[in-house]
*Asks:* 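Structure incoming, see below.
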2 protein chains.
Amino acid sequence: MSTTGFKQQLFQQFARVAKAMGHGSRLELLEFLAQGERSVDQLAKVSGLSVANTSQHLRLLLQAGLVTNRKAGQKVYYRLSGEDVVGLLASLRQVAERHLSDVSRLINDYLSVKDELQPVPATELLEMAREGIVTVLDVRPPEEYAAGHLPGAVNIPLAELEAHLDQLPEDQAVVAYCRGPHCVLAFDAVEQLRQKGFNARRLDGGLPEWRLEGLPVEQGIRS
Amino acid sequence: MSTTGFKQQLFQQFARVAKAMGHGSRLELLEFLAQGERSVDQLAKVSGLSVANTSQHLRLLLQAGLVTNRKAGQKVYYRLSGEDVVGLLASLRQVAERHLSDVSRLINDYLSVKDELQPVPATELLEMAREGIVTVLDVRPPEEYAAGHLPGAVNIPLAELEAHLDQLPEDQAVVAYCRGPHCVLAFDAVEQLRQKGFNARRLDGGLPEWRLEGLPVEQGIRS
DNA sequence: CTTGTATTCAATTACTTCATTGAATACTTG
DNA sequence: CAAGTATTCAATGAAGTAATTGAATACAAG
(Lines give C-alpha, C1' and ligand atoms only; values in the text may rest on other atoms or scores of the structure.)
Protein backbone atom coordinates (compact mmCIF):
# COMPACT_ATOMS: atom_id res chain seq x y z
CA MET A 1 0.00 0.00 0.00
CA SER A 2 1.33 3.42 -0.92
CA THR A 3 1.85 6.15 1.62
CA THR A 4 -0.92 8.17 0.03
CA GLY A 5 -3.25 5.19 0.09
CA PHE A 6 -2.50 4.54 3.73
CA LYS A 7 -3.08 8.14 4.73
CA GLN A 8 -6.35 8.30 2.84
CA GLN A 9 -7.62 5.13 4.46
CA LEU A 10 -6.62 6.36 7.89
CA PHE A 11 -8.35 9.70 7.48
CA GLN A 12 -11.38 7.92 6.09
CA GLN A 13 -11.55 5.82 9.23
CA PHE A 14 -11.24 8.87 11.46
CA ALA A 15 -13.98 10.48 9.37
CA ARG A 16 -16.25 7.53 10.13
CA VAL A 17 -16.25 8.47 13.78
CA ALA A 18 -16.86 12.13 13.05
CA LYS A 19 -19.64 11.29 10.62
CA ALA A 20 -21.34 9.16 13.24
CA MET A 21 -21.52 12.26 15.42
CA GLY A 22 -22.80 14.31 12.49
CA HIS A 23 -26.47 14.09 13.39
CA GLY A 24 -28.21 15.84 16.26
CA SER A 25 -30.16 12.77 17.33
CA ARG A 26 -27.05 10.62 17.62
CA LEU A 27 -25.33 13.27 19.73
CA GLU A 28 -28.35 13.34 22.00
CA LEU A 29 -28.29 9.56 22.31
CA LEU A 30 -24.62 9.78 23.23
CA GLU A 31 -25.42 12.33 25.93
CA PHE A 32 -28.08 10.03 27.39
CA LEU A 33 -25.63 7.12 27.31
CA ALA A 34 -23.03 9.27 29.05
CA GLN A 35 -25.29 9.08 32.12
CA GLY A 36 -25.19 5.26 32.07
CA GLU A 37 -26.23 2.28 29.96
CA ARG A 38 -29.75 2.22 28.54
CA SER A 39 -31.86 -0.11 26.47
CA VAL A 40 -33.11 0.71 22.98
CA ASP A 41 -36.65 1.13 24.21
CA GLN A 42 -35.57 3.49 27.00
CA LEU A 43 -33.50 5.55 24.59
CA ALA A 44 -36.39 5.75 22.13
CA LYS A 45 -38.70 7.02 24.86
CA VAL A 46 -36.34 9.59 26.33
CA SER A 47 -35.30 10.90 22.89
CA GLY A 48 -38.71 10.85 21.24
CA LEU A 49 -37.46 8.86 18.25
CA SER A 50 -39.18 5.74 16.96
CA VAL A 51 -37.69 2.45 18.11
CA ALA A 52 -36.66 1.54 14.57
CA ASN A 53 -35.00 4.91 14.05
CA THR A 54 -33.28 4.72 17.44
CA SER A 55 -32.01 1.26 16.54
CA GLN A 56 -30.62 2.51 13.27
CA HIS A 57 -28.78 5.39 14.89
CA LEU A 58 -27.41 3.08 17.56
CA ARG A 59 -26.16 0.66 14.92
CA LEU A 60 -24.27 3.46 13.27
CA LEU A 61 -22.76 4.53 16.58
CA LEU A 62 -21.81 0.91 17.24
CA GLN A 63 -20.09 0.59 13.87
CA ALA A 64 -18.21 3.80 14.54
CA GLY A 65 -16.95 2.42 17.83
CA LEU A 66 -18.58 5.11 19.95
CA VAL A 67 -20.82 2.66 21.82
CA THR A 68 -20.86 -1.01 22.77
CA ASN A 69 -23.79 -3.24 23.60
CA ARG A 70 -24.79 -6.35 25.55
CA LYS A 71 -27.90 -8.52 25.48
CA ALA A 72 -29.99 -9.32 28.56
CA GLY A 73 -32.96 -11.49 27.64
CA GLN A 74 -34.78 -9.72 24.85
CA LYS A 75 -33.32 -6.37 25.73
CA VAL A 76 -30.17 -4.89 24.23
CA TYR A 77 -28.31 -2.43 26.45
CA TYR A 78 -26.04 0.18 24.95
CA ARG A 79 -23.27 2.15 26.65
CA LEU A 80 -20.45 4.49 25.67
CA SER A 81 -17.28 2.67 24.62
CA GLY A 82 -15.19 4.62 27.12
CA GLU A 83 -14.53 7.84 28.94
CA ASP A 84 -12.61 9.06 25.93
CA VAL A 85 -15.94 9.36 24.09
CA VAL A 86 -17.09 11.79 26.79
CA GLY A 87 -13.87 13.72 26.19
CA LEU A 88 -14.52 13.80 22.47
CA LEU A 89 -18.06 15.07 22.99
CA ALA A 90 -16.81 17.74 25.37
CA SER A 91 -14.18 18.81 22.86
CA LEU A 92 -16.76 18.99 20.07
CA ARG A 93 -19.07 21.07 22.22
CA GLN A 94 -16.30 23.46 23.20
CA VAL A 95 -15.21 24.04 19.60
CA ALA A 96 -18.80 24.67 18.54
CA GLU A 97 -19.41 27.08 21.42
CA ARG A 98 -16.26 28.99 20.70
CA HIS A 99 -16.32 29.24 16.94
CA LEU A 100 -19.96 29.10 15.90
CA SER A 101 -21.80 32.34 16.55
CA ASP A 102 -25.11 30.50 16.08
CA VAL A 103 -24.21 28.34 19.06
CA SER A 104 -23.17 31.12 21.40
CA ARG A 105 -26.26 33.09 20.39
CA LEU A 106 -28.52 30.08 21.02
CA ILE A 107 -26.97 29.49 24.43
CA ASN A 108 -27.09 33.18 25.30
CA ASP A 109 -30.69 33.66 24.25
CA TYR A 110 -31.99 30.56 25.92
CA LEU A 111 -29.75 29.64 28.84
CA SER A 112 -27.87 32.72 30.00
CA VAL A 113 -31.16 34.55 30.45
CA LYS A 114 -32.02 31.89 33.03
CA ASP A 115 -28.70 31.97 34.81
CA GLU A 116 -26.08 34.58 34.09
CA LEU A 117 -23.88 33.51 36.95
CA GLN A 118 -20.75 31.51 36.30
CA PRO A 119 -21.24 27.84 37.07
CA VAL A 120 -19.30 26.33 39.96
CA PRO A 121 -16.15 24.44 38.89
CA ALA A 122 -16.20 20.75 39.77
CA THR A 123 -13.15 20.78 42.03
CA GLU A 124 -14.54 23.78 43.90
CA LEU A 125 -17.83 21.97 44.48
CA LEU A 126 -16.01 18.89 45.75
CA GLU A 127 -14.20 21.08 48.27
CA MET A 128 -17.41 22.78 49.42
CA ALA A 129 -19.19 19.44 49.67
CA ARG A 130 -16.38 18.01 51.81
CA GLU A 131 -16.66 21.03 54.08
CA GLY A 132 -20.39 20.35 54.35
CA ILE A 133 -21.35 23.87 53.36
CA VAL A 134 -23.33 23.03 50.26
CA THR A 135 -26.21 20.82 49.17
CA VAL A 136 -25.62 19.04 45.89
CA LEU A 137 -28.81 18.61 43.89
CA ASP A 138 -29.17 16.12 41.02
CA VAL A 139 -32.22 16.98 38.89
CA ARG A 140 -31.98 14.06 36.48
CA PRO A 141 -34.50 11.19 36.37
CA PRO A 142 -33.97 8.54 39.12
CA GLU A 143 -32.58 5.89 36.79
CA GLU A 144 -29.81 8.22 35.66
CA TYR A 145 -29.11 9.15 39.28
CA ALA A 146 -28.94 5.46 40.20
CA ALA A 147 -26.46 4.76 37.40
CA GLY A 148 -24.06 7.32 38.85
CA HIS A 149 -24.12 10.59 40.75
CA LEU A 150 -21.97 13.06 42.64
CA PRO A 151 -21.14 11.91 46.19
CA GLY A 152 -23.84 12.97 48.63
CA ALA A 153 -26.10 14.37 45.91
CA VAL A 154 -29.82 14.59 46.59
CA ASN A 155 -31.98 13.42 43.67
CA ILE A 156 -35.04 15.56 43.04
CA PRO A 157 -36.18 15.48 39.42
CA LEU A 158 -37.15 18.95 38.26
CA ALA A 159 -40.85 18.15 37.97
CA GLU A 160 -40.90 17.27 41.65
CA LEU A 161 -38.74 20.10 42.92
CA GLU A 162 -41.54 22.33 44.15
CA ALA A 163 -43.07 19.47 46.13
CA HIS A 164 -39.79 18.54 47.79
CA LEU A 165 -38.32 21.86 48.78
CA ASP A 166 -38.42 20.70 52.36
CA GLN A 167 -35.57 18.30 51.53
CA LEU A 168 -33.28 21.27 50.97
CA PRO A 169 -31.85 23.14 53.99
CA GLU A 170 -32.66 26.81 53.66
CA ASP A 171 -29.47 27.96 55.32
CA GLN A 172 -27.15 26.33 52.82
CA ALA A 173 -26.15 27.03 49.26
CA VAL A 174 -27.50 24.61 46.66
CA VAL A 175 -25.56 23.57 43.58
CA ALA A 176 -27.65 21.80 40.94
CA TYR A 177 -26.41 19.61 38.14
CA CYS A 178 -27.76 17.60 35.28
CA ARG A 179 -26.63 15.66 32.19
CA GLY A 180 -24.17 18.18 30.82
CA PRO A 181 -23.22 21.85 30.61
CA HIS A 182 -26.30 22.80 28.58
CA CYS A 183 -28.91 20.68 30.26
CA VAL A 184 -31.93 22.93 30.74
CA LEU A 185 -33.12 21.08 33.84
CA ALA A 186 -30.28 22.49 35.96
CA PHE A 187 -30.98 26.02 34.71
CA ASP A 188 -34.69 25.68 35.47
CA ALA A 189 -33.97 24.24 38.89
CA VAL A 190 -31.72 27.15 39.80
CA GLU A 191 -34.30 29.61 38.52
CA GLN A 192 -37.04 28.03 40.61
CA LEU A 193 -34.90 27.77 43.73
CA ARG A 194 -33.88 31.43 43.53
CA GLN A 195 -37.52 32.40 43.25
CA LYS A 196 -38.08 30.54 46.50
CA GLY A 197 -35.26 32.41 48.20
CA PHE A 198 -32.55 29.75 47.98
CA ASN A 199 -28.92 30.58 47.28
CA ALA A 200 -28.69 28.35 44.20
CA ARG A 201 -25.94 27.87 41.61
CA ARG A 202 -25.19 25.44 38.81
CA LEU A 203 -22.31 23.01 38.48
CA ASP A 204 -19.97 23.58 35.53
CA GLY A 205 -20.80 20.52 33.47
CA GLY A 206 -22.75 17.40 34.30
CA LEU A 207 -22.05 13.98 35.74
CA PRO A 208 -20.01 12.80 32.69
CA GLU A 209 -17.74 15.88 32.78
CA TRP A 210 -17.31 15.44 36.55
CA ARG A 211 -16.24 11.83 36.04
CA LEU A 212 -13.93 12.86 33.20
CA GLU A 213 -12.06 15.07 35.67
CA GLY A 214 -11.38 11.96 37.69
CA LEU A 215 -13.68 12.99 40.52
CA PRO A 216 -15.47 10.40 42.69
CA VAL A 217 -18.86 9.03 41.62
CA GLU A 218 -21.39 7.17 43.76
CA GLN A 219 -23.89 4.65 42.50
CA GLY A 220 -27.26 3.29 43.50
CA ILE A 221 -30.29 4.79 45.17
CA ARG A 222 -29.66 7.06 48.13
CA SER A 223 -30.35 5.57 51.56
CA MET B 1 -38.85 28.16 22.22
CA SER B 2 -39.52 24.92 24.03
CA THR B 3 -36.88 23.03 25.97
CA THR B 4 -37.02 20.22 23.42
CA GLY B 5 -36.71 22.67 20.57
CA PHE B 6 -33.71 24.32 22.16
CA LYS B 7 -31.95 21.04 22.84
CA GLN B 8 -32.54 19.83 19.29
CA GLN B 9 -31.18 23.02 17.80
CA LEU B 10 -28.14 22.89 20.04
CA PHE B 11 -27.34 19.29 19.14
CA GLN B 12 -27.91 20.11 15.50
CA GLN B 13 -25.31 22.88 15.74
CA PHE B 14 -22.82 20.57 17.44
CA ALA B 15 -23.53 18.01 14.72
CA ARG B 16 -22.59 20.62 12.10
CA VAL B 17 -19.05 20.64 13.41
CA ALA B 18 -18.86 16.86 13.56
CA LYS B 19 -20.30 16.53 10.07
CA ALA B 20 -17.67 18.93 8.73
CA MET B 21 -15.05 16.51 9.97
CA GLY B 22 -16.93 13.58 8.47
CA HIS B 23 -14.89 13.38 5.28
CA GLY B 24 -11.34 12.12 4.96
CA SER B 25 -10.23 14.96 2.69
CA ARG B 26 -11.41 17.63 5.12
CA LEU B 27 -9.59 15.94 7.97
CA GLU B 28 -6.43 15.92 5.88
CA LEU B 29 -6.85 19.59 5.08
CA LEU B 30 -7.22 20.28 8.79
CA GLU B 31 -4.00 18.36 9.48
CA PHE B 32 -2.17 20.47 6.90
CA LEU B 33 -3.59 23.64 8.41
CA ALA B 34 -2.51 22.49 11.85
CA GLN B 35 1.07 23.05 10.63
CA GLY B 36 0.29 26.70 9.76
CA GLU B 37 -1.81 28.81 7.44
CA ARG B 38 -1.92 27.90 3.75
CA SER B 39 -3.53 29.23 0.59
CA VAL B 40 -6.15 27.34 -1.38
CA ASP B 41 -3.72 26.63 -4.17
CA GLN B 42 -1.11 25.27 -1.76
CA LEU B 43 -3.66 23.06 -0.06
CA ALA B 44 -4.90 21.75 -3.39
CA LYS B 45 -1.37 20.83 -4.39
CA VAL B 46 -0.36 19.15 -1.15
CA SER B 47 -3.65 17.23 -0.88
CA GLY B 48 -4.01 16.25 -4.54
CA LEU B 49 -7.54 17.63 -4.75
CA SER B 50 -8.71 19.99 -7.51
CA VAL B 51 -8.73 23.67 -6.61
CA ALA B 52 -12.50 23.84 -6.93
CA ASN B 53 -12.96 20.80 -4.72
CA THR B 54 -10.48 22.11 -2.17
CA SER B 55 -12.35 25.41 -2.12
CA GLN B 56 -15.62 23.64 -1.51
CA HIS B 57 -14.26 21.63 1.38
CA LEU B 58 -12.69 24.74 2.88
CA ARG B 59 -15.96 26.61 2.64
CA LEU B 60 -17.66 23.85 4.58
CA LEU B 61 -14.92 23.93 7.23
CA LEU B 62 -15.29 27.71 7.40
CA GLN B 63 -19.05 27.47 7.90
CA ALA B 64 -18.50 24.92 10.64
CA GLY B 65 -16.16 27.31 12.43
CA LEU B 66 -13.18 24.97 12.23
CA VAL B 67 -11.11 27.37 10.10
CA THR B 68 -10.88 31.10 9.43
CA ASN B 69 -9.50 32.91 6.42
CA ARG B 70 -7.92 36.18 5.31
CA LYS B 71 -7.29 37.68 1.88
CA ALA B 72 -3.89 38.83 0.66
CA GLY B 73 -4.11 40.15 -2.88
CA GLN B 74 -5.72 37.43 -4.97
CA LYS B 75 -4.83 34.71 -2.53
CA VAL B 76 -7.02 33.51 0.31
CA TYR B 77 -5.18 32.05 3.29
CA TYR B 78 -6.88 29.59 5.61
CA ARG B 79 -5.89 28.64 9.16
CA LEU B 80 -7.35 26.66 12.04
CA SER B 81 -9.74 28.68 14.22
CA GLY B 82 -7.81 27.84 17.37
CA GLU B 83 -5.76 25.34 19.31
CA ASP B 84 -9.00 23.76 20.50
CA VAL B 85 -9.49 22.43 16.95
CA VAL B 86 -6.18 20.59 17.29
CA GLY B 87 -7.48 19.17 20.58
CA LEU B 88 -10.68 18.05 18.89
CA LEU B 89 -8.76 16.34 16.09
CA ALA B 90 -6.51 14.62 18.63
CA SER B 91 -9.53 13.44 20.59
CA LEU B 92 -11.20 12.10 17.43
CA ARG B 93 -8.05 10.25 16.44
CA GLN B 94 -7.66 8.71 19.89
CA VAL B 95 -11.25 7.47 19.99
CA ALA B 96 -10.87 5.96 16.51
CA GLU B 97 -7.59 4.26 17.42
CA ARG B 98 -8.99 2.83 20.60
CA HIS B 99 -12.39 1.64 19.48
CA LEU B 100 -12.13 0.85 15.79
CA SER B 101 -10.32 -2.39 15.10
CA ASP B 102 -9.94 -1.34 11.45
CA VAL B 103 -7.88 1.62 12.61
CA SER B 104 -5.59 -0.26 14.94
CA ARG B 105 -5.11 -2.93 12.28
CA LEU B 106 -4.29 -0.32 9.64
CA ILE B 107 -1.78 1.37 11.93
CA ASN B 108 -0.29 -1.95 12.98
CA ASP B 109 0.07 -3.30 9.46
CA TYR B 110 1.51 -0.15 7.98
CA LEU B 111 3.26 1.83 10.68
CA SER B 112 4.26 -0.47 13.52
CA VAL B 113 6.13 -2.67 11.05
CA LYS B 114 8.32 0.37 10.37
CA ASP B 115 8.84 1.32 13.96
CA GLU B 116 7.76 -0.88 16.81
CA LEU B 117 9.45 1.25 19.43
CA GLN B 118 7.40 3.53 21.64
CA PRO B 119 7.61 7.16 20.49
CA VAL B 120 9.35 9.66 22.76
CA PRO B 121 6.95 11.74 24.87
CA ALA B 122 7.12 15.48 24.18
CA THR B 123 8.15 16.56 27.65
CA GLU B 124 10.90 13.93 27.66
CA LEU B 125 12.23 15.21 24.35
CA LEU B 126 12.23 18.79 25.63
CA GLU B 127 14.35 17.66 28.57
CA MET B 128 16.79 15.76 26.38
CA ALA B 129 17.05 18.70 23.97
CA ARG B 130 17.79 21.07 26.84
CA GLU B 131 20.53 18.72 27.99
CA GLY B 132 21.94 18.79 24.47
CA ILE B 133 21.99 15.01 24.16
CA VAL B 134 19.63 14.67 21.22
CA THR B 135 19.22 15.99 17.69
CA VAL B 136 15.66 16.98 16.84
CA LEU B 137 14.83 16.33 13.20
CA ASP B 138 11.86 17.91 11.40
CA VAL B 139 11.10 16.01 8.18
CA ARG B 140 8.29 18.22 6.97
CA PRO B 141 8.51 20.50 3.89
CA PRO B 142 10.39 23.78 4.52
CA GLU B 143 7.29 25.97 4.48
CA GLU B 144 5.73 23.95 7.26
CA TYR B 145 8.99 24.11 9.21
CA ALA B 146 9.11 27.88 8.72
CA ALA B 147 5.57 28.27 10.02
CA GLY B 148 6.55 26.65 13.29
CA HIS B 149 8.89 23.99 14.62
CA LEU B 150 10.36 22.50 17.77
CA PRO B 151 13.14 24.62 19.29
CA GLY B 152 16.49 23.74 17.78
CA ALA B 153 15.01 21.34 15.24
CA VAL B 154 16.93 20.64 12.05
CA ASN B 155 14.79 20.63 8.90
CA ILE B 156 15.64 17.89 6.43
CA PRO B 157 12.67 16.87 4.29
CA LEU B 158 12.55 13.10 3.92
CA ALA B 159 13.40 13.13 0.22
CA GLU B 160 16.67 14.88 1.05
CA LEU B 161 17.59 12.87 4.09
CA GLU B 162 20.10 10.58 2.43
CA ALA B 163 21.93 13.53 0.89
CA HIS B 164 22.16 15.41 4.16
CA LEU B 165 23.16 12.76 6.64
CA ASP B 166 26.31 14.72 7.32
CA GLN B 167 24.14 17.29 9.09
CA LEU B 168 23.40 14.76 11.79
CA PRO B 169 26.01 13.98 14.44
CA GLU B 170 26.65 10.25 14.52
CA ASP B 171 27.31 10.14 18.22
CA GLN B 172 23.92 11.48 19.23
CA ALA B 173 20.40 10.11 19.32
CA VAL B 174 18.03 11.51 16.71
CA VAL B 175 14.33 12.08 17.34
CA ALA B 176 12.29 12.74 14.19
CA TYR B 177 8.89 14.34 13.98
CA CYS B 178 6.36 15.31 11.38
CA ARG B 179 2.77 16.56 11.04
CA GLY B 180 1.15 14.28 13.54
CA PRO B 181 1.26 10.89 15.27
CA HIS B 182 0.64 8.92 12.06
CA CYS B 183 2.69 10.91 9.63
CA VAL B 184 4.56 8.34 7.54
CA LEU B 185 7.49 10.67 6.90
CA ALA B 186 8.71 10.36 10.48
CA PHE B 187 8.42 6.57 10.35
CA ASP B 188 10.34 6.41 7.06
CA ALA B 189 13.00 8.78 8.36
CA VAL B 190 13.57 6.64 11.45
CA GLU B 191 13.72 3.51 9.29
CA GLN B 192 16.30 5.06 6.98
CA LEU B 193 18.40 6.46 9.82
CA ARG B 194 18.52 3.11 11.60
CA GLN B 195 19.68 1.46 8.39
CA LYS B 196 22.55 3.96 8.38
CA GLY B 197 23.50 3.12 11.92
CA PHE B 198 21.89 6.07 13.70
CA ASN B 199 20.14 5.76 17.05
CA ALA B 200 16.83 7.12 15.83
CA ARG B 201 13.42 7.42 17.48
CA ARG B 202 10.12 9.18 16.74
CA LEU B 203 8.40 11.92 18.71
CA ASP B 204 5.00 11.04 20.15
CA GLY B 205 2.82 13.31 18.00
CA GLY B 206 3.69 16.14 15.66
CA LEU B 207 4.18 19.88 15.89
CA PRO B 208 0.46 20.58 16.57
CA GLU B 209 0.33 18.08 19.47
CA TRP B 210 3.59 19.52 20.87
CA ARG B 211 2.09 23.02 20.79
CA LEU B 212 -1.13 21.73 22.36
CA GLU B 213 0.89 20.59 25.37
CA GLY B 214 1.95 24.19 25.81
CA LEU B 215 5.54 23.50 24.78
CA PRO B 216 7.71 26.19 23.12
CA VAL B 217 7.62 26.62 19.34
CA GLU B 218 10.13 28.48 17.15
CA GLN B 219 9.39 30.12 13.86
CA GLY B 220 11.20 31.06 10.68
CA ILE B 221 14.06 29.50 8.76
CA ARG B 222 16.99 28.22 10.81
CA SER B 223 20.12 30.37 10.75
C1' DC C 1 -7.98 48.18 -20.71
C1' DT C 2 -6.67 43.42 -21.61
C1' DT C 3 -4.80 39.25 -20.14
C1' DG C 4 -3.51 36.20 -16.59
C1' DT C 5 -4.07 34.20 -12.00
C1' DA C 6 -6.56 32.68 -7.88
C1' DT C 7 -10.73 31.53 -6.01
C1' DT C 8 -15.59 30.83 -5.71
C1' DC C 9 -20.05 29.67 -7.51
C1' DA C 10 -23.70 27.06 -9.72
C1' DA C 11 -25.36 23.15 -12.09
C1' DT C 12 -25.09 18.35 -12.83
C1' DT C 13 -24.68 13.54 -11.79
C1' DA C 14 -23.98 9.88 -8.81
C1' DC C 15 -23.93 8.42 -4.32
C1' DT C 16 -25.13 8.52 0.63
C1' DT C 17 -28.08 9.50 4.48
C1' DC C 18 -32.39 9.60 7.01
C1' DA C 19 -37.12 8.53 8.59
C1' DT C 20 -40.76 5.57 7.76
C1' DT C 21 -43.02 1.24 7.14
C1' DG C 22 -43.69 -3.44 7.32
C1' DA C 23 -41.45 -7.76 7.85
C1' DA C 24 -38.20 -10.73 10.16
C1' DT C 25 -35.81 -12.38 14.16
C1' DA C 26 -35.07 -13.49 18.95
C1' DC C 27 -36.63 -13.99 23.51
C1' DT C 28 -40.33 -14.38 27.16
C1' DT C 29 -44.62 -15.76 29.10
C1' DG C 30 -48.67 -18.42 29.81
C1' DC D 1 -46.93 -24.06 21.01
C1' DA D 2 -49.08 -19.51 20.47
C1' DA D 3 -49.10 -14.84 21.60
C1' DG D 4 -46.67 -10.94 23.17
C1' DT D 5 -42.50 -8.03 23.49
C1' DA D 6 -38.08 -6.06 22.05
C1' DT D 7 -35.11 -5.26 18.48
C1' DT D 8 -33.26 -5.37 13.90
C1' DC D 9 -33.56 -5.57 8.96
C1' DA D 10 -34.75 -4.26 4.29
C1' DA D 11 -36.98 -1.43 1.05
C1' DT D 12 -38.59 3.05 -0.18
C1' DG D 13 -38.72 7.91 -1.16
C1' DA D 14 -36.95 12.30 0.01
C1' DA D 15 -33.13 15.02 1.19
C1' DG D 16 -28.31 15.80 1.49
C1' DT D 17 -23.39 15.18 -0.01
C1' DA D 18 -19.34 15.03 -3.15
C1' DA D 19 -16.63 15.54 -7.39
C1' DT D 20 -16.61 17.52 -11.76
C1' DT D 21 -17.17 21.10 -15.09
C1' DG D 22 -17.62 25.49 -16.83
C1' DA D 23 -18.74 30.12 -15.65
C1' DA D 24 -18.32 34.08 -12.67
C1' DT D 25 -15.78 37.09 -9.64
C1' DA D 26 -11.82 39.50 -7.76
C1' DC D 27 -7.17 40.94 -7.98
C1' DA D 28 -2.59 41.65 -10.32
C1' DA D 29 0.43 42.72 -14.04
C1' DG D 30 1.71 44.66 -18.36
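Chain letters run A, B, ... following the sequence lines, proteins first and then strands; every chain starts at 1.
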*Asks:* Tell me: CZ of A:R26 to C1' of C:dT17, nearest whole Å?
*Replies:* 8 Å

*Asks:* Starting at atom CG of A:L49, determine the distance to atom C1' of D:dT8, rounded to an integer number of angstrom.
*Replies:* 16 Å

*Asks:* Among the nucleotides C:dA19, D:dC9, D:dT8, which one has an atom lying closest to any side-chain atom of A:R59?
*Replies:* D:dC9

*Asks:* Could you tell me how far apart A:H23 (NE2) and C:dT17 (P) are, to the nearest whole angstrom?
*Replies:* 12 Å

*Asks:* Look at all strands and tell whether B:V40 reaches a base, only sugar-phosphate, or nothing, counting heavy atoms closer than 4.0 Å.
*Replies:* sugar-phosphate

*Asks:* To the nearest angstrom, how far is A:K75 atom NZ from C:dT28 atom C1'?
*Replies:* 12 Å

*Asks:* Nearest to the side chain of A:V51, heavy atoms from C-beta on, is which of C:dA19, D:dT7, C:dA6?
*Replies:* D:dT7

*Asks:* Roughly how many Å is it from CG in B:L27 to P in D:dA18, rounded to a whole number?
*Replies:* 11 Å

*Asks:* Counting heavy atoms from C-beta on, name the nucleotide in C:dC9, C:dA6, D:dA26 closest to the side chain of B:A52.
*Replies:* C:dC9

*Asks:* Please find the pair of heavy atoms, one from A:R140 and one from A:N155, that lie closest to each other, and give the distance.
*Replies:* O-ND2, 2.9 Å

*Asks:* Of all the choices, D:dT8, C:dT8, C:dT7, which nucleotide is nearest to the side chain of B:D41 once you look at every atom?
*Replies:* C:dT7

*Asks:* May I have the distance from A:R70 (atom CZ) to C:dC27 (atom C1'), rounded to whole angstrom?
*Replies:* 15 Å

*Asks:* Between A:N53 and B:L60, name the one whose nearest nucleotide on DNA chain D is closer to the 5' end.
*Replies:* A:N53

*Asks:* Quick one: label A:K19 by what it contacts on the DNA or RNA (base, sugar-phosphate, nothing), any heavy atom closer than 4.0 Å.
*Replies:* sugar-phosphate

*Asks:* What closest approach, in Å, do A:A176 and A:A189 show between heavy atoms, and which atom pair accounts for it?
*Replies:* CB-CB, 4.4 Å

*Asks:* Taking donor-acceptor contacts at under 3.5 Å, does the side chain of A:Q74 reach the base of C:dT28?
*Replies:* no

*Asks:* Closest approach of A:Q63 and B:L100, non-hydrogen atoms and distance?
*Replies:* O-CD2, 3.3 Å

*Asks:* May I ask you to say what A:Y77 touches in the nucleic acid, namely base, sugar-phosphate or nothing, with a heavy-atom cut-off under 4.0 Å?
*Replies:* nothing

*Asks:* Please report the shortest heavy-atom distance between B:P216 and B:W210, naming the atom on each side.
*Replies:* O-NE1, 2.7 Å

*Asks:* Taking 4.0 Å as the cut-off, does a side-chain nitrogen or oxygen of A:H57 come that near to OP1 or OP2 on C:dA19?
*Replies:* yes

*Asks:* Could A:E31 and B:K7 be called an ion pair, given the rule that one side-chain N must be under 4.0 Å from one carboxylate O?
*Replies:* no

*Asks:* Rounded to whole Å, how long is the line connecting atom CD of B:Q42 with atom P of C:dT5?
*Replies:* 17 Å

*Asks:* Under 4.0 angstrom, heavy atoms only, what part of the nucleic acid is B:T54 near: base, sugar-phosphate, or nothing?
*Replies:* nothing

*Asks:* I need the OH-P distance between B:Y78 and C:dT7, as an integer number of Å.
*Replies:* 9 Å

